[in-house]
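Accompanying notes for the structure given below.
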There are 2 protein chains.
Amino acid sequence: MTDELDLVFRALADPSRRFLLDLLFARDGRTQTELESELAMTRFGVAKHLKVLEEAGLVVTRRSGREKLHFLNPVPIRQIHDRWIDKYTEQHVTALIDLKRTLEEEP
Amino acid sequence: MTDELDLVFRALADPSRRFLLDLLFARDGRTQTELESELAMTRFGVAKHLKVLEEAGLVVTRRSGREKLHFLNPVPIRQIHDRWIDKYTEQHVTALIDLKRTLEEEP
DNA sequence: TTGACAGGTGACCAAATGGTCACCTAAATT
DNA sequence: AATTTAGGTGACCATTTGGTCACCTGTCAA
């Protein structure tokens, strides 16, 4: 009943971790210390979250001296998408979302 | 720190719920009883999972007499995708995944 | 070389989660 | 009308999870 993407889904379940992904989506290559300052949490909590994201493959890291740089990896996100949206449905869905966005912009 | 897609991410975190989505992806419009038979769990557990999926908007339902029909809604999945993959990156990522798939097919 | 800085580990605790059960309502069947 | 069938509710329990802390290693700078 468990699958290979299990770690990815579990990683995405927490709002703090999604916020970390947002930060890395906005700007890649940040250190852990740099990311800590953005969360209302001790560095231990942030470190734990980054570890979960890294083990899920959503974040990849590179060591540079005593620093650890973090990068967003979008591949697992796309795999989630492809699991429940086939190439045919994709067009309808994106059209729907664009429509929704348009409607919300002009009230 | 919490966002509107919170329910969607939390719903996707559980393997049983993802399996239910797989079932509905394969064939829509099933009743709860029909779905129960596919899970190694009492009907109460399945009902709870379906409720979580419905509240997240991943599943929409329609009543028909005493039956409740379930349908997969792909829109939230696409929204997850769009959050961390911009139109430009999308091309690279899909190309990467296609490449990976090709390589795994021919060993 | 001494101290400051970046990061890692394991234990620990409160809160959330998955699953079951006793009990309920409403629709279909006989 | 009586029974079966589809589904819903709230309490309950075991396990998992998010977060903190004391303590550790390795790297850079004065």
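Per chain, numbering begins at 1; letters A, B, ... match sequence-line order. Excluded from the calculations below are hydrogen atoms, water molecules and symmetry mates; all remaining heavy atoms, backbone and side chain alike, are included.
- Ranking D:dG7, D:dG8, C:dA6 by closeness to the B:E67 side chain, first place goes to D:dG7.
- Taking CD from B:Q32 and NZ from B:K51, the interatomic distance works out to 11.5 Å, rounded to the nearest 0.5 Å.
- The distance from atom CZ of A:R66 to atom OG1 of A:T31, rounded to the nearest 0.5 Å, is 11.0 Å.
- Of the two residues near DNA chain D, A:S64 and A:V52, the one whose nearest nucleotide lies more 5' is A:V52.
- At the phosphate of D:dT17, neither OP1 nor OP2 sits under 4.0 Å from any side-chain N or O atom of A:H49.
- Side-chain nitrogen and oxygen atoms of A:R17 include at least one within less than 4.0 Å of the OP1 or OP2 phosphate oxygen of D:dG18.
- Of the candidate nucleotides C:dG7, C:dA22, D:dT17, C:dG7 has the atom lying nearest to any side-chain atom of A:T31.
- Here the side chain of A:T33 is nearest to one of D:dA6, D:dT17, C:dG7, namely C:dG7.
- Judged by distance alone with a 3.5 Å cut-off, a donor-acceptor contact links the side chain of B:R66 to the base of C:dA27.
- For the pair A:G65 and A:T42, nearest-nucleotide mapping onto DNA chain D gives the more 5' position to A:T42.
- The phosphate of C:dG8 has OP1 or OP2 within less than 4.0 Å of a side-chain N or O from A:K68.
- One finds no side-chain N or O of B:R43 lying less than 4.0 angstrom from the OP1 or OP2 phosphate oxygen of D:dA6.
- Classification of A:E55 and A:R10 as a salt-bridged pair fails, no side-chain N sitting under 4.0 Å from a carboxylate O.
- When the nucleotides C:dC21, D:dG19, D:dA22 are ranked by their closest atom to the side chain of A:F44, D:dA22 comes out on top.
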